[in-house]
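Taking it in order: structure first as C-alpha coordinates, then the write-up.
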Amino acid sequence: MTGLRLGYACINTQLPSPARTARLSNLTTERILELVDANLGALEAILCWNRDHEIQVFRLTSNLIPFASHPANTLPWWDIFGERLSRLGSLIRSGDMRISTHPGQYTVLSSARADVVAAAVAELDYHDRLLSSLGLDASHRIVVHVGAGVADRSAAYDRFAAGYAQLSNGAAGRLVLENDERWPLDTTLELAERLRVPVVFDVFHHALAPSLEPLGARELVLRANETWCRRDGRQEVHFSTQQAGKRPGAHAETIDFDAFDRFVDEVGDLPLDCILEVKDKEQSVIRARARQRRERSE
DNA sequence: AAACGTCAAGTTCCG
DNA sequence: CGGAACTTGACGTTT
(Lines give C-alpha, C1' and ligand atoms only; values in the text may rest on other atoms or scores of the structure.)
Protein backbone atom coordinates (compact mmCIF):
# COMPACT_ATOMS: atom_id res chain seq x y z
CA MET A 1 0.00 0.00 0.00
CA THR A 2 1.22 3.44 -0.84
CA GLY A 3 0.10 6.56 0.92
CA LEU A 4 -0.43 7.39 4.52
CA ARG A 5 -1.54 4.73 6.99
CA LEU A 6 -2.92 6.39 10.13
CA GLY A 7 -2.66 5.04 13.64
CA TYR A 8 -2.81 6.02 17.31
CA ALA A 9 -1.00 5.41 20.58
CA CYS A 10 -1.47 3.08 23.52
CA ILE A 11 -5.13 3.32 24.50
CA ASN A 12 -8.56 3.30 22.87
CA THR A 13 -10.99 5.72 24.49
CA GLN A 14 -13.88 3.27 24.12
CA LEU A 15 -12.21 0.17 25.50
CA PRO A 16 -10.63 -0.95 28.79
CA SER A 17 -7.05 0.20 29.36
CA PRO A 18 -4.12 -2.10 28.54
CA ALA A 19 -1.94 0.07 30.79
CA ARG A 20 -3.18 -0.77 34.26
CA THR A 21 -0.50 -0.76 36.90
CA ALA A 22 0.08 -0.85 40.65
CA ARG A 23 1.94 1.16 43.21
CA LEU A 24 5.34 -0.16 44.17
CA SER A 25 4.16 -0.19 47.80
CA ASN A 26 1.36 -2.66 46.96
CA LEU A 27 3.22 -4.80 44.48
CA THR A 28 2.96 -8.58 44.83
CA THR A 29 3.52 -11.43 42.41
CA GLU A 30 -0.21 -12.08 42.34
CA ARG A 31 -0.93 -8.44 41.58
CA ILE A 32 1.50 -8.40 38.66
CA LEU A 33 0.01 -11.60 37.22
CA GLU A 34 -3.47 -10.16 37.56
CA LEU A 35 -2.51 -6.90 35.85
CA VAL A 36 -0.64 -8.55 32.98
CA ASP A 37 -3.61 -10.84 32.44
CA ALA A 38 -6.00 -7.86 32.33
CA ASN A 39 -3.68 -5.77 30.14
CA LEU A 40 -3.20 -8.54 27.58
CA GLY A 41 -6.97 -9.02 27.44
CA ALA A 42 -7.46 -5.30 26.92
CA LEU A 43 -4.77 -5.27 24.21
CA GLU A 44 -6.50 -8.12 22.41
CA ALA A 45 -9.77 -6.18 22.41
CA ILE A 46 -8.03 -3.10 20.98
CA LEU A 47 -6.25 -5.10 18.27
CA CYS A 48 -9.55 -6.70 17.27
CA TRP A 49 -11.18 -3.28 17.20
CA ASN A 50 -8.33 -1.98 15.05
CA ARG A 51 -8.64 -4.94 12.70
CA ASP A 52 -12.39 -4.41 12.36
CA HIS A 53 -11.80 -0.73 11.61
CA GLU A 54 -8.87 -1.40 9.28
CA ILE A 55 -6.39 0.46 11.47
CA GLN A 56 -2.95 -1.04 11.00
CA VAL A 57 -0.69 1.34 12.90
CA PHE A 58 -0.62 1.20 16.69
CA ARG A 59 1.79 1.96 19.52
CA LEU A 60 1.99 -0.44 22.47
CA THR A 61 1.96 1.06 25.94
CA SER A 62 5.13 0.51 27.98
CA ASN A 63 2.86 -0.40 30.90
CA LEU A 64 1.62 -3.61 29.30
CA ILE A 65 3.88 -5.55 31.67
CA PRO A 66 3.97 -3.42 34.84
CA PHE A 67 7.46 -2.79 36.24
CA ALA A 68 8.89 -5.02 33.51
CA SER A 69 12.38 -3.53 33.71
CA HIS A 70 12.26 -2.82 37.44
CA PRO A 71 14.05 -5.04 39.99
CA ALA A 72 10.67 -5.43 41.74
CA ASN A 73 9.42 -7.60 38.88
CA THR A 74 11.43 -10.80 38.49
CA LEU A 75 8.66 -12.83 36.85
CA PRO A 76 9.49 -14.62 33.58
CA TRP A 77 6.36 -13.08 32.05
CA TRP A 78 7.48 -14.01 28.52
CA ASP A 79 7.23 -17.69 29.56
CA ILE A 80 4.15 -17.46 31.76
CA PHE A 81 2.18 -15.58 29.11
CA GLY A 82 4.10 -17.00 26.14
CA GLU A 83 1.14 -18.57 24.44
CA ARG A 84 -1.10 -15.56 24.76
CA LEU A 85 1.63 -13.25 23.50
CA SER A 86 2.17 -15.53 20.56
CA ARG A 87 -1.55 -15.50 19.74
CA LEU A 88 -1.64 -11.72 19.90
CA GLY A 89 1.33 -11.69 17.53
CA SER A 90 -0.59 -13.84 15.06
CA LEU A 91 -3.47 -11.38 15.21
CA ILE A 92 -1.05 -8.54 14.46
CA ARG A 93 0.65 -10.31 11.58
CA SER A 94 -2.54 -11.56 10.00
CA GLY A 95 -3.92 -8.01 10.08
CA ASP A 96 -0.78 -6.70 8.39
CA MET A 97 -0.36 -4.36 11.34
CA ARG A 98 2.65 -2.25 12.25
CA ILE A 99 3.43 -2.06 15.95
CA SER A 100 5.84 0.30 17.64
CA THR A 101 6.69 1.18 21.22
CA HIS A 102 7.88 4.45 22.70
CA PRO A 103 9.59 4.43 26.12
CA GLY A 104 8.98 7.65 28.00
CA GLN A 105 10.97 10.48 29.50
CA TYR A 106 12.76 8.33 32.06
CA THR A 107 14.54 6.21 29.48
CA VAL A 108 17.69 8.22 28.87
CA LEU A 109 20.43 6.39 27.04
CA SER A 110 22.49 9.60 26.81
CA SER A 111 22.52 10.21 30.58
CA ALA A 112 25.79 11.03 32.30
CA ARG A 113 24.78 8.69 35.12
CA ALA A 114 25.72 5.02 34.70
CA ASP A 115 22.74 3.84 36.76
CA VAL A 116 20.35 5.76 34.53
CA VAL A 117 21.92 4.30 31.40
CA ALA A 118 21.69 0.80 32.91
CA ALA A 119 17.98 1.34 33.62
CA ALA A 120 17.48 2.61 30.06
CA VAL A 121 19.22 -0.46 28.65
CA ALA A 122 16.99 -2.71 30.78
CA GLU A 123 13.88 -0.85 29.61
CA LEU A 124 14.84 -1.05 25.94
CA ASP A 125 15.67 -4.74 26.28
CA TYR A 126 12.21 -5.22 27.81
CA HIS A 127 10.58 -3.53 24.81
CA ASP A 128 12.52 -5.80 22.47
CA ARG A 129 11.59 -8.87 24.48
CA LEU A 130 7.94 -7.85 24.31
CA LEU A 131 7.98 -7.39 20.53
CA SER A 132 9.98 -10.60 20.09
CA SER A 133 7.60 -12.54 22.35
CA LEU A 134 4.81 -11.39 20.05
CA GLY A 135 6.74 -12.96 17.19
CA LEU A 136 7.25 -9.62 15.45
CA ASP A 137 10.27 -8.98 13.27
CA ALA A 138 12.63 -5.99 13.42
CA SER A 139 10.32 -3.81 11.31
CA HIS A 140 8.32 -3.36 14.54
CA ARG A 141 10.33 -0.60 16.15
CA ILE A 142 11.24 1.03 19.47
CA VAL A 143 11.21 4.84 19.22
CA VAL A 144 13.24 6.96 21.65
CA HIS A 145 14.35 10.55 22.07
CA VAL A 146 18.05 11.40 22.27
CA GLY A 147 17.54 12.61 25.86
CA ALA A 148 19.94 14.52 28.06
CA GLY A 149 22.99 16.62 27.40
CA VAL A 150 21.81 19.43 25.15
CA ALA A 151 24.55 21.70 26.55
CA ASP A 152 27.29 19.53 25.02
CA ARG A 153 25.78 17.65 22.12
CA SER A 154 29.01 15.99 21.10
CA ALA A 155 29.48 14.44 24.56
CA ALA A 156 25.82 13.38 24.58
CA TYR A 157 26.26 11.64 21.21
CA ASP A 158 29.22 9.71 22.65
CA ARG A 159 27.30 8.67 25.75
CA PHE A 160 24.29 7.63 23.67
CA ALA A 161 26.52 5.59 21.37
CA ALA A 162 28.13 3.90 24.38
CA GLY A 163 24.69 3.07 25.79
CA TYR A 164 23.53 1.84 22.40
CA ALA A 165 26.50 -0.55 22.35
CA GLN A 166 25.23 -2.08 25.62
CA LEU A 167 21.84 -3.02 24.16
CA SER A 168 20.92 -6.56 23.22
CA ASN A 169 21.17 -7.18 19.48
CA GLY A 170 17.40 -7.32 19.34
CA ALA A 171 16.86 -3.93 20.98
CA ALA A 172 19.65 -2.30 18.95
CA GLY A 173 18.12 -3.66 15.77
CA ARG A 174 14.74 -2.07 16.58
CA LEU A 175 15.88 1.34 17.79
CA VAL A 176 14.66 4.50 16.07
CA LEU A 177 15.38 8.12 17.05
CA GLU A 178 12.77 10.89 17.14
CA ASN A 179 13.38 14.65 16.93
CA ASP A 180 11.98 16.75 19.78
CA GLU A 181 12.07 20.27 21.25
CA ARG A 182 15.58 19.76 22.64
CA TRP A 183 17.03 17.74 19.78
CA PRO A 184 15.89 19.27 16.50
CA LEU A 185 15.77 17.15 13.37
CA ASP A 186 19.27 18.09 12.18
CA THR A 187 20.91 16.99 15.45
CA THR A 188 18.82 13.81 15.59
CA LEU A 189 19.81 12.93 12.03
CA GLU A 190 23.47 13.44 12.89
CA LEU A 191 23.39 10.88 15.71
CA ALA A 192 21.12 8.49 13.79
CA GLU A 193 23.44 8.43 10.82
CA ARG A 194 26.41 7.78 13.06
CA LEU A 195 24.57 4.80 14.61
CA ARG A 196 22.89 3.80 11.35
CA VAL A 197 19.41 3.83 12.86
CA PRO A 198 16.28 5.37 11.28
CA VAL A 199 14.64 8.65 12.31
CA VAL A 200 10.97 9.33 13.06
CA PHE A 201 10.09 12.82 11.88
CA ASP A 202 7.70 14.45 14.37
CA VAL A 203 5.94 17.36 12.72
CA PHE A 204 4.87 19.09 15.95
CA HIS A 205 8.26 18.88 17.63
CA HIS A 206 9.83 20.20 14.46
CA ALA A 207 7.51 23.22 14.53
CA LEU A 208 8.58 23.92 18.13
CA ALA A 209 12.29 23.53 17.34
CA PRO A 210 12.81 24.05 13.63
CA SER A 211 16.00 23.13 11.81
CA LEU A 212 17.14 22.56 8.24
CA GLU A 213 15.25 25.63 7.10
CA PRO A 214 13.89 26.43 4.62
CA LEU A 215 12.93 22.81 3.90
CA GLY A 216 9.19 22.12 3.98
CA ALA A 217 7.35 19.10 5.33
CA ARG A 218 7.73 17.00 2.20
CA GLU A 219 11.45 17.66 1.93
CA LEU A 220 11.94 16.92 5.63
CA VAL A 221 10.04 13.65 5.40
CA LEU A 222 12.13 12.70 2.38
CA ARG A 223 15.28 13.67 4.27
CA ALA A 224 14.28 11.44 7.20
CA ASN A 225 13.45 8.71 4.69
CA GLU A 226 17.12 8.50 3.75
CA THR A 227 17.71 6.88 7.16
CA TRP A 228 15.20 4.07 6.47
CA CYS A 229 16.02 0.93 4.55
CA ARG A 230 13.84 -1.94 3.40
CA ARG A 231 14.18 -4.17 6.45
CA ASP A 232 13.34 -1.25 8.77
CA GLY A 233 9.75 -1.37 7.56
CA ARG A 234 7.67 1.57 6.40
CA GLN A 235 8.89 5.01 7.43
CA GLU A 236 7.15 6.23 10.62
CA VAL A 237 6.16 9.84 11.25
CA HIS A 238 4.25 11.53 14.07
CA PHE A 239 1.58 14.15 13.61
CA SER A 240 0.03 16.41 16.22
CA THR A 241 -0.62 20.08 16.87
CA GLN A 242 -0.65 22.61 19.68
CA GLN A 243 -3.59 22.60 22.08
CA ALA A 244 -4.90 26.17 21.95
CA GLY A 245 -4.46 28.09 25.19
CA LYS A 246 -2.06 25.60 26.71
CA ARG A 247 1.67 25.67 27.31
CA PRO A 248 3.69 25.37 24.07
CA GLY A 249 4.24 21.67 23.46
CA ALA A 250 0.91 20.49 24.86
CA HIS A 251 -0.70 18.00 22.48
CA ALA A 252 -4.08 18.94 21.08
CA GLU A 253 -7.25 17.28 22.29
CA THR A 254 -8.22 16.29 18.77
CA ILE A 255 -6.93 16.47 15.21
CA ASP A 256 -6.58 19.91 13.65
CA PHE A 257 -7.90 19.41 10.14
CA ASP A 258 -6.44 22.62 8.73
CA ALA A 259 -2.93 21.52 9.65
CA PHE A 260 -3.56 17.88 8.81
CA ASP A 261 -4.92 18.72 5.35
CA ARG A 262 -1.80 20.76 4.65
CA PHE A 263 0.40 17.87 5.77
CA VAL A 264 -1.52 15.37 3.62
CA ASP A 265 -1.29 17.70 0.64
CA GLU A 266 2.48 17.54 0.99
CA VAL A 267 3.13 13.90 1.86
CA GLY A 268 -0.15 12.01 1.39
CA ASP A 269 1.21 10.06 -1.58
CA LEU A 270 4.25 8.71 0.33
CA PRO A 271 4.24 5.24 1.97
CA LEU A 272 4.22 6.45 5.59
CA ASP A 273 2.97 5.01 8.87
CA CYS A 274 1.69 8.09 10.70
CA ILE A 275 0.82 8.11 14.39
CA LEU A 276 -1.63 10.80 15.47
CA GLU A 277 -0.65 12.01 18.93
CA VAL A 278 -3.93 13.40 20.18
CA LYS A 279 -5.88 12.88 23.34
CA ASP A 280 -8.98 11.50 21.65
CA LYS A 281 -6.90 8.69 20.12
CA GLU A 282 -8.86 6.45 17.71
CA GLN A 283 -11.62 9.06 17.34
CA SER A 284 -9.30 11.32 15.37
CA VAL A 285 -8.07 8.44 13.21
CA ILE A 286 -11.63 7.53 12.29
CA ARG A 287 -12.58 11.12 11.52
CA ALA A 288 -9.41 11.73 9.49
CA ARG A 289 -9.96 8.62 7.42
CA ALA A 290 -13.57 9.46 6.70
CA ARG A 291 -12.36 12.83 5.51
CA GLN A 292 -9.63 11.34 3.31
CA ARG A 293 -12.15 9.01 1.70
CA ARG A 294 -14.50 11.92 1.04
CA GLU A 295 -11.73 13.93 -0.57
CA ARG A 296 -10.62 11.09 -2.78
CA SER A 297 -14.13 10.51 -4.03
CA GLU A 298 -14.63 14.17 -4.94
C1' DA B 1 -19.35 8.03 43.34
C1' DA B 2 -16.62 11.78 42.34
C1' DA B 3 -12.56 14.47 43.27
C1' DC B 4 -7.98 14.94 44.11
C1' DG B 5 -3.22 14.08 45.17
C1' DT B 6 0.26 10.74 43.97
C1' DC B 7 2.94 7.56 41.35
C1' DA B 8 9.32 3.80 39.39
C1' DA B 9 11.92 6.36 36.82
C1' DG B 10 15.31 11.85 34.65
C1' DT B 11 16.46 16.43 33.20
C1' DT B 12 16.18 21.17 33.11
C1' DC B 13 14.93 25.49 34.63
C1' DC B 14 13.65 28.71 38.04
C1' DG B 15 13.95 31.05 42.33
C1' DC C 1 21.06 24.11 45.69
C1' DG C 2 16.26 22.60 46.42
C1' DG C 3 11.97 22.17 44.24
C1' DA C 4 8.74 22.45 40.53
C1' DA C 5 7.55 21.56 35.75
C1' DC C 6 7.40 18.45 32.13
C1' DT C 7 3.24 14.46 30.30
C1' DT C 8 -0.04 11.40 31.44
C1' DG C 9 -3.33 7.70 32.77
C1' DA C 10 -4.31 5.08 36.49
C1' DC C 11 -4.17 4.27 41.41
C1' DG C 12 -5.80 4.93 45.94
C1' DT C 13 -7.38 7.78 49.53
C1' DT C 14 -10.46 11.26 50.86
C1' DT C 15 -14.62 13.70 50.59
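In what follows, every chain begins at residue 1, and chains take the letters A, B, ... in the order their sequences are listed.
- Using a 4.0 Å heavy-atom cutoff across all strands shown, Gly147(A) reaches no nucleic acid atom at all.
- In DNA chain C, consecutive stretches of 3 or more Watson-Crick or G-U wobble pairs with both distances under 3.5 Å are given as paired ranges: B:1-7 with C:9-15, B:10-15 with C:1-6.
- The phosphate of dT11(B) (OP1 or OP2) has no side-chain N or O of His145(A) nearer than 4.0 angstrom.
- No donor-acceptor pair closer than 3.5 Å links the side chain of His238(A) to the backbone N or O of Ile275(A).
- We find that Glu282(A) and Arg289(A) are not joined by a salt bridge, their nearest charged nitrogen and carboxylate oxygen being 4.0 Å or further apart.
- Ring planes of His205(A) and His145(A): perpendicular class, angle over 60° (limits at 30 and 60°).
- In this structure, Arg291(A) forms a cation-pi arrangement with Phe257(A), its terminal cationic atom sitting closer than 6.0 Å to the ring centre and no more than 45° off the ring axis.
- One finds no side-chain N or O of Ser17(A) lying less than 4.0 angstrom from the OP1 or OP2 phosphate oxygen of dG9(C).
- A salt bridge is absent between Lys281(A) and Glu253(A); no separation between the charged side-chain nitrogens and carboxylate oxygens falls under 4.0 Å.
- Of the candidate nucleotides dT12(B), dA8(B), dG10(B), dT12(B) has the atom nearest to the side chain of Arg182(A).
- Remark: the separation of the C1' atoms in dA4(C) and dG5(B) is 15 Å, to the nearest Å.
- Comparing dA3(B) with dC6(C), their C1' atoms are spaced 23 Å from each other, to the whole Å.
- Residue-level contact check: Ala148(A) touches the backbone only, with heavy atoms under 4.0 Å from sugar-phosphate atoms and none from bases.
- Here the separation of dC7(B) from dG3(C), taken at their P atoms, is 15 Å to the nearest Å.
- Between Arg113(A) and Asp115(A), at least one side-chain N (NZ, or NE/NH1/NH2) sits under 4.0 Å from a carboxylate O, which counts as a salt bridge.
- Going from atom CD of Gln105(A) over to atom C1' of dT8(C) covers 9 Å, rounded to whole Å.
- Regarding Leu124(A), its CG atom lies at a distance of 14 Å from the P atom of dG10(B), rounded to whole Å.
- Contact check on Glu226(A) versus Arg223(A) returns a salt bridge, with a Lys/Arg side-chain nitrogen under 4.0 Å from an Asp/Glu carboxylate oxygen.
- With the nearest nucleotide of DNA chain B identified for both Gly149(A) and Ser62(A), Ser62(A) has the one nearer the 5' end.
- Taking the side chain of Val108(A) as heavy atoms from C-beta on, and the options dT12(B), dG10(B), dA8(B), the nearest nucleotide is dG10(B).
- Straight-line distance from the CD atom of Glu253(A) to the C1' atom of dG9(C): 14 Å, rounded to whole Å.
- Atom CG in Leu64(A) sits about 15 Å away from atom C1' in dG9(C), given to the nearest Å.
- We find that Asp158(A) and Arg194(A) are joined by a salt bridge, their nearest charged nitrogen and carboxylate oxygen being less than 4.0 Å apart.
- The interatomic distance linking Glu181(A) (CD) with dT12(B) (C1') rounds to 13 Å, in whole Å.
- As rounded to whole Å, 7 Å separates atom P of dG9(C) from atom NZ of Lys279(A).
- Side-chain N or O atoms of Ser284(A) include none that pairs as donor or acceptor with a backbone N or O of Asp280(A) at under 3.5 Å.
- Rounded to an integer number of Å, the gap from Leu35(A) CG to dC7(B) P is 18 Å.
- For residues 20-32 of chain A, proximity to DNA chain C is found at Arg20(A), Thr21(A), Arg23(A), Asn26(A), defined as any non-hydrogen atom under 4.0 angstrom from a strand atom.
- Straight-line distance from the CZ atom of Phe67(A) to the P atom of dA10(C): 15 Å, rounded to whole Å.
- Residue ring and nucleobase are stacked for Tyr106(A) and dA9(B), with a centre distance beneath 5.5 angstrom and an angle between planes beneath 30°.
- Contact check on Asp269(A) versus Arg218(A) returns a salt bridge, with a Lys/Arg side-chain nitrogen under 4.0 Å from an Asp/Glu carboxylate oxygen.
- Rounded to whole Å, the P atom of dA8(B) lies 12 Å from the corresponding atom of dT13(C).
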